[in-house]
Novice: 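Pasting a structure here, questions to come.
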Amino acid sequence: MHQRECIAMLLAGGQGSRLGYLTRRVAKPALSFGGKYRVIDFSLSNCANSNIDTVGVLTQYKPYALHSYIGSGGAWDLNDKFGGGVHILPPFVGEDGGSWYKGTADAIYHNIDFINFYNPIYVLIISGDHIYKMNYELLIRQHKNTGADVTVSAIEVAWEEASRFGIITPDATDRIIRFAEKPAQPDSNLASMGVYVFNWPVLKKALLEDQENPASDNDFGKNVLPMLLEQGKKLFVYKFNEYWVDVGTVQSYYQANMELLLPEPPLNIFGPGFKIFSNEEILPPHYIGPDARISNSLICNGCTVLGEVKNSILAPGVYIDEGVWVEDSIILSNTRIGNKSRIRKAIIGESVEIKANCSLGICTGDEHNRSLITCVEDNLTIFDGALIRAGENI
Amino acid sequence: MSRTIGIISGNRRSGYLQGIDKQRPLAAVPFGGRYRLLDFALSSMVNSGLRTVGIITPSNYRPILDELGSGKEWQLDRKSGGLFILPGVNWGLAVWDKVFLLKDIAKNFEYLENDLSEYVLLCGCNQIFNIDFNEAIAFHEQNHADVTLIYKAIKKEEWQTLKGTILKMSPEGRVGGSMTGEEATGAYMELPFFIDMVVINRTLLMEVIQGYVAVEDADLLEAIFENKGMLSIFGFPFRGYFARIESINDFFKSNMDLLNYDVRNELFWGVNRVHTKSRDNPPTHYSDNALIRNSLVASGCNIQGALENCIVSRNVQVAGDTHIKNSIIMRRCNIGKNVILENVILDNYVVIHEGTILKGQGNTPVVINKRAVI
């Protein structure tokens with residue numbers, strides 16, 4: 001009765017430890033992106049736009065902000081009572097105790113009962129850490145047509161970066177012959193995106209076998225996929241050639257945001273169709289004051305801009321006071337920048353209060369500091385006249 | 001749950017909006033970049049704890065339903081109570097200017113009959129405010145009133161532009177009828193101007209409707225004043241920002257009021273928010289040469305030109321070398337290069353081609369109707 005052809009399991013437990021101060025309070029999927037979005041909006045919107053109506057969201061690290069943000073899933077039209085909707089799946093205890101999710105495969109293993117309830121033919125495994133617009137229907141269609149057991153979605157990356165990813169080597173028919181997690185000498189530049197379609201019986205069997213292996217890290221890339229290859233299962237690669245980025249580090253987070261300000265941004269959030277939904281608070285339009293100056297910037301609802309903003313992104317509800325100068329920065333929601341403060345190349349967290357006459361990310365003669373990004377953690381107050389040098393994190 | 005249910009009287013047309021309410025009900029006229037007029041009454045009702053609200057609609061109700069949907073944004077998609085669409089009567093010769101037409105409510109009598117709440121809060125649909133109705137309802141209860149009329153004290157000269165009903169009030173706050181501004185002689189420094197908000201006991205409202213069933217085009221306020229001898233009627237003051245949109249000048253002026261810090265702060269950043277339909281637009285992008293002064297801009301726009309004293313709605317495109325001043329630009333307008341606009345109101349989907357110059361006067365803005373191409 002509850003059967004679905006395909007359900008999605010969204011891995012949203014990632015800490016994003018390389019994002020440092022940005023993810024100290026929230027999990028990486030709950031991190032703000034592009035002003036009004038949060039990272040998880042992209043995966044959830046992809047599901048909504050791909051006719052996937054049942055999504056299990058696996059959470060673990062600092063889940064409160066994420067849980068309250070996802071709510072009933074209505075913001076992504078995933079509260080469909082005829083469909084399954086969104087289910088939040090944190091770690092839990094059973095008769096023989098409980099444990100945290102150890103790896104990606106372990107997280108799915110603990111929710112076998114959930115998947116059994118919907119008894120799908122296919123299980124789509126995705127991550128809440130990536131910025132991309134993808135129609136999963138095309139991936140699933142290829143999976144059906146090739147008769148694969150598993151289809152792994154992959155994207156071409158620059159050769160010099162290939163050793164940071166799980167690298168897939170396919171044959172001429174796109175069947176995978178080798179899967180190497182972060183190889184030192186990659187023989188392909190097709191990187192796994194962490195998006196997989198499994199036939200449910202194959203996945204279930206693999207998860208049970210993987211749990212039996214005490215040496216396993218219970219990770220899809222490291223353990224489960226190589227094991228299935230060894231068993232001679234049919235693994236195919238789906239080549240995705242649009243924008244995809246893992247905002248894993250402060251540098252890549254900053255860069256992915258700033259790319260939205262390019263004349264032709266690689267990720268098109270402005271075009272019609274395939275909209276990225278978000279659970280936004282309804283705020284009034286933004287106000288630009290009589291002496292404000294704005295150039296090449298993205299400004300969200302609820303902002304007030306009285307000063308100068310250049311090459312920057314302002315999330316909802318940001319207040320920029322008179323005489324303020326902001327350049328090359330990302331300012332997250334409900335933050336206030338006080339009179340005559342100056343901010344350059346910085347990521348300022350949510351609900352930060354920067355008082356008057358502060359300087360952030362300003363270089364003091366040391367030219368190599370210019371390229372460093374300054375980060376300010378959520379909810380901080382920075383008092384009058386503070387000086388925070390380029391590259392400092394507080 | 002609240003002991004009060006709401007009715008928004010939306011079966012209205014103005015006739016003085018120069019075509020802006022030609023294809024849409026007055027209640028659905030766009031306002032302030034992302035709102036429609038009825039958002040203000042509806043938001044204040046739900047922010048005051050009401051969870052049963054009926055909207056009386058005219059026959060061209062499509063834009064109202066488009067805005068409200070299931071009432072999700074106002075938390076009115078509920079099992080108990082929720083949002084009710086109450087079809088109003090068709091407009092006759094002189095009916096569309098009555099605020100609380102009893103026929104409209106009579107046609108939806110079951111809405112009142114089926115509810116067990118104590119009070120009904122009725123509110124007009126063309127006013128801008130952010131009010132906590134709980135204060136008026138508490139006042140109504142304390143005074144054991146039959147009817148409480150909410151008013152705003154205005155200066156005598158303001159009445160000339162506002163029109164409408166002035167209440168005759170005793171020093172104890174009782175209302176003894178209405179008068180016109182001319183009747184209010186020198187003694188009155190401030191006039192209690194009725195702002196189309198009524199708290200009335202539900203059973204009394206049902207009696208009034210049944211009593212006036214035979215009277216053509218009877219209005220609730222007139223009916224109350226006809227029976228003032230039998231009723232305990234009180235006036236309750238509202239002291240916040242208030243604007244009523246009857247004419248194109250009202251519309252222009254109250255939109256421009258939003259450029260005032262105090263007005264914006266009070267309407268939008270007080271304890272309670274004004275809710276509206278969410279359309280999930282991306283942020284607005286300003287390019288290198290954009291020059292913006294004193295303007296309110298909604299989401300999803302792409303601005304390359306210059307704006308001064310403007311209210312710009314969602315998904316508007318403004319090309320480079322274009323100057324727009326003192327204007328209201330509604331949803332999805334597309335304005336080409338080298339255009340000059342001054343004192344102009346553009347309705348939705350208007351296209352202005354390269355090189356066009358349009359200038360209105362401060363008191364009489366040029367109004368360009370929906371989907372026009374210029």
Side-chain angles (χ1 to χ4, degrees), chain A residues 33-37 41 45 48 72 74-77 79 257 260-263 265 267-272 275-306 308-319, chain B residues 31-35 39 43 70 72-74 77 130 255 258-261 263-265 267-269 273-304 306-317 329 332:
Chain A
F33 184 84
K36 71 166 283 190
Y37 305 102
D41 284 337
S45 301
S72 67
W76 303 268
D77 286 340
N79 57 345
N257 271 284
L260 293 172
L261 296 174
L262 295 174
L267 173 73
N268 184 5
I269 52 171
F270 296 100
K275 211 172 212 182
I276 301 301
F277 304 105
S278 69
N279 192 0
E280 61 175 341
E281 193 192 347
I282 302 222
L283 294 174
H286 56 264
Y287 173 75
I288 314 285
D291 302 313
R293 187 80 183 85
I294 300 184
S295 62
N296 193 33
S297 295
L298 287 174
I299 316 273
C300 289
N301 283 328
C303 289
T304 300
V305 182
L306 305 176
E308 187 173 343
V309 176
K310 194 174 171 189
N311 296 328
S312 295
I313 298 176
L314 306 190
V318 168
Y319 186 91
Chain B
F31 186 82
R34 73 172 302 185
Y35 304 97
D39 287 342
S43 298
S70 62
K72 189 166 141 188
E73 265 87 3
W74 296 265
D77 54 339
N130 192 342
N255 264 291
L258 298 178
L259 298 177
N260 177 317
Y261 173 82
V263 172
R264 228 169 38 242
N265 218 26
L267 272 181
F268 297 136
W269 297 106
R273 297 280 174 271
V274 181
H275 312 288
T276 187
K277 180 174 175 176
S278 163
R279 295 186 198 251
D280 277 86
N281 279 316
T284 282
H285 182 255
Y286 294 94
S287 62
D288 279 337
N289 299 319
L291 189 64
I292 320 295
R293 294 195 189 291
N294 193 36
S295 294
L296 199 66
V297 185
S299 58
C301 301
N302 185 354
I303 314 281
Q304 297 175 15
L307 303 175
E308 188 179 348
N309 310 332
C310 289
I311 309 285
V312 180
S313 189
R314 297 183 268 218
N315 300 98
V316 167
Q317 311 287 322
I329 315 292
R332 288 194 186 276

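Remember, it's a predicted structure, so these values are computed and weren't measured experimentally. In the text below, chain A, chain B and the rest are named by the order of the sequence lines, each starting its count at 1.
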Novice: Roughly how far, to the nearest 0.5 Å, is CG of A:Leu261 from OG of B:Ser287?
Specialist: 11.5 Å
Novice: Under 4.5 Å heavy-atom distance to chain A, tell me which part of B:Ser278 shows up: side chain, backbone, both or neither.
Specialist: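 Both parts, heavy atoms under 4.5 Å.
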Novice: Take B:Asn294 and A:Tyr287, measure what side-chain contact (heavy atoms from CB on, under 4.5 Å) needs, and give me the verdict at the end.
Specialist: CA-CA 7 Å; B:Asn294 193 36; A:Tyr287 173 75; 2.3 Å; yes
Novice: Using a cut-off of under 4.5 Å on heavy-atom pairs, state which of B:Gly32, B:Ser313, B:Gly300, B:Ala298 scores highest against chain A.
Specialist: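 When all of B:Gly32, B:Ser313, B:Gly300, B:Ala298 are compared, B:Ala298 has the most.
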Novice: Which residues pass the side chain to side chain contact (heavy atoms under 4.5 Å, CB included) test with A:Ala48, not counting sequence neighbours?
Specialist: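 If we apply the side chain to side chain contact (heavy atoms under 4.5 Å, CB included) test to A:Ala48, skipping adjacent residues, the hits are A:Phe277.
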Novice: Could you tell me which non-hydrogen atom of B:Val274 sits nearest to which non-hydrogen atom of A:Ile282, and how far apart they are?
Specialist: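 Smallest interatomic distance, heavy atoms only, reads O-CG2, 4.0 Å.
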Novice: What part of B:Asn281 lies closer than 4.5 angstrom to a heavy atom of chain A: side chain, backbone, both or neither?
Specialist: both
Novice: Out of B:Cys301, B:Ala290, B:Gly33, return the one with the most heavy atom pairs under 4.5 angstrom to chain A.
Specialist: B:Ala290
Novice: Using non-hydrogen atoms only, which part of B:Glu73 is less than 4.5 Å away from chain A: side chain, backbone, both, or neither?
Specialist: side chain
Novice: How many angstroms lie between CG in B:Asn265 and OG1 in A:Thr304, if you round to the nearest 0.5 Å?
Specialist: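 So the CG of B:Asn265 and the OG1 of A:Thr304 are separated by 8.5 Å.
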Novice: Over all heavy atoms of both residues, which pair between A:Ile269 and B:Pro282 is shortest? Give the atoms and the distance, please.
Specialist: O-CG, 3.4 Å
Novice: For the interface with chain B, which of A:Gly317, A:Cys300, A:Ser297 has the highest count of heavy-atom pairs at distances below 4.5 Å?
Specialist: A:Ser297
Novice: Name the region of B:Leu259, side chain, backbone, both or neither, that has any atom closer than 4.5 Å to a heavy atom of chain A.
Specialist: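 For B:Leu259, backbone and side chain are both near chain A.
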Novice: Would you check if B:Arg293 and A:Ile288 make a side-chain contact, meaning some heavy-atom pair closer than 4.5 Å?
Specialist: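 A side-chain contact is absent here, since even the closest heavy-atom pair is not under 4.5 Å.
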Novice: Is chain B contacted by the side chain of A:Leu283, its backbone, both, or neither, given a heavy-atom distance below 4.5 Å?
Specialist: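 Both parts, backbone and side chain.
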Novice: Which atom pair, heavy atoms only, marks the closest approach of B:Pro283 to A:Phe270?
Specialist: O-CE2, 3.5 Å
Novice: Does a side-chain heavy-atom distance below 4.5 Å link A:Asn296 with B:His285?
Specialist: yes
Novice: Do any pairs count as a salt bridge (charged side-chain N to carboxylate O under 4.0 Å, His left out) and have a residue in residues 280-296 of chain A, sequence neighbours left out, and if so which ones?
Specialist: A:Lys36-A:Glu280, A:Glu281-B:Arg273
Novice: Answer yes or no: is there a side-chain heavy-atom contact under 4.5 Å between B:Tyr286 and A:Leu298?
Specialist: no
Novice: When rounded to the nearest 0.5 angstrom, what distance separates CG in B:Leu296 from CG in A:Asn301?
Specialist: 9.5 Å
Novice: Is chain A contacted by the side chain of B:Arg264, its backbone, both, or neither, given a heavy-atom distance below 4.5 Å?
Specialist: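 For B:Arg264, the contact with chain A is made by the side chain alone.
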Novice: If you compare all heavy atoms of A:Pro285 against all heavy atoms of B:Tyr35, which two are closest, and at what distance to 0.1 Å?
Specialist: CD-CE1, 4.0 Å
Novice: With chain A, which of B:Asn289, B:Leu267, B:Val297 has the greatest number of heavy-atom pairs at distances under 4.5 Å?
Specialist: B:Val297
Novice: Which region of A:Ile276, side chain (C-beta onward) or backbone (N, CA, C, O), has a non-hydrogen atom less than 4.5 Å from a non-hydrogen atom of chain B, or is it both or neither?
Specialist: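 A:Ile276 touches chain B through backbone heavy atoms alone.
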Novice: Give the minimum heavy-atom separation between B:Asp280 and A:Lys275, together with the two atoms involved.
Specialist: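 B:Asp280 and A:Lys275 have their closest heavy atoms at O-CE, 3.3 Å.
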